[in-house]
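Values below: every heavy atom of this structure, side chains too, minus hydrogens, waters and symmetry copies. We number each residue from 1, following the sequence as shown.
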Amino acid sequence: MTTAVIQRKWHTTAEVAEMLGFGLSKTKMLILTGEIRSVKEGRDRRILPRWVDEYVERRAREVEEEWSA
């Protein structure tokens, strides 16, 4: 018997905070300022995994540019 693995399509704000090692309030601020994209679903916010990756890549690029300047 095989077991299907279902990957979640969205993350909650709390899950993203944990993934990034940030506090919940910092993560909420990043979402409110548009640093991390999100979708409002009812009362909640949802974040696609690729949007988290985009944020991390953008920040890494910014740091690399600062070091090379």
Side-chain angles (χ1 to χ4, degrees):
M1 178 179 195
T2 60
T3 304
V5 176
I6 299 172
Q7 290 186 326
R8 298 182 67 189
K9 303 294 183 187
W10 298 101
H11 296 300
T12 65
T13 304
E15 290 169 339
V16 170
E18 186 175 329
M19 289 167 58
L20 296 174
F22 294 161
L24 188 56
S25 24
K26 177 176 175 116
T27 305
K28 286 181 178 181
M29 184 58 66
L30 291 170
I31 291 168
L32 288 173
T33 59
E35 291 288 315
I36 298 176
R37 293 193 287 169
S38 70
V39 169
K40 188 152 172 105
E41 190 66 34
R43 292 179 13 186
D44 302 316
R45 289 263 169 204
R46 296 290 182 251
I47 301 106
L48 286 173
R50 75 170 179 260
W51 294 344
V52 178
D53 294 340
E54 286 173 3
Y55 169 75
V56 171
E57 288 299 319
R58 188 173 57 254
R59 286 297 296 137
R61 218 174 20 255
E62 290 169 0
V63 169
E64 287 173 352
E65 289 171 2
E66 289 173 11
W67 278 90
S68 65

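Considering all non-hydrogen atoms of both residues, K40 and R43 come closest at NZ-O, 4.0 Å. Here the closest heavy-atom approach between residue K9 and residue P49 is recorded as O-CD, 3.2 Å. The minimum heavy-atom distance between A17 and G23, with the atom names listed, is CB-O, 3.9 Å.
For the atom pair CG of D44 and OG of S38, the computed distance is 11.0 Å after rounding to the nearest 0.5 Å. We find the CD-CD distance between E64 and E57 to be 8.5 Å, quoted to the nearest 0.5 Å. One finds the CZ atom of R46 at 7.0 Å from the CZ atom of R8 (value rounded to the nearest 0.5 Å).
The residues E62 and R59 are annotated as salt-bridged, a charged nitrogen and a carboxylate oxygen being separated by less than 4.0 angstrom.
No side-chain heavy atom of T12 sits less than 4.5 Å from a side-chain heavy atom of R45.
Summarising the local packing, CD of E54 is surrounded by more than 12 heavy atoms from other residues, nucleotides or ligands at distances under 6.0 Å.
Through direct or relayed side-chain contacts under 4.5 Å between Ile, Leu, Val, Met, Phe, Trp and Tyr, L20 connects to W10, V16, M19, F22, L30, I31, I36, V39, I47, L48, W51, V52, Y55, V56.
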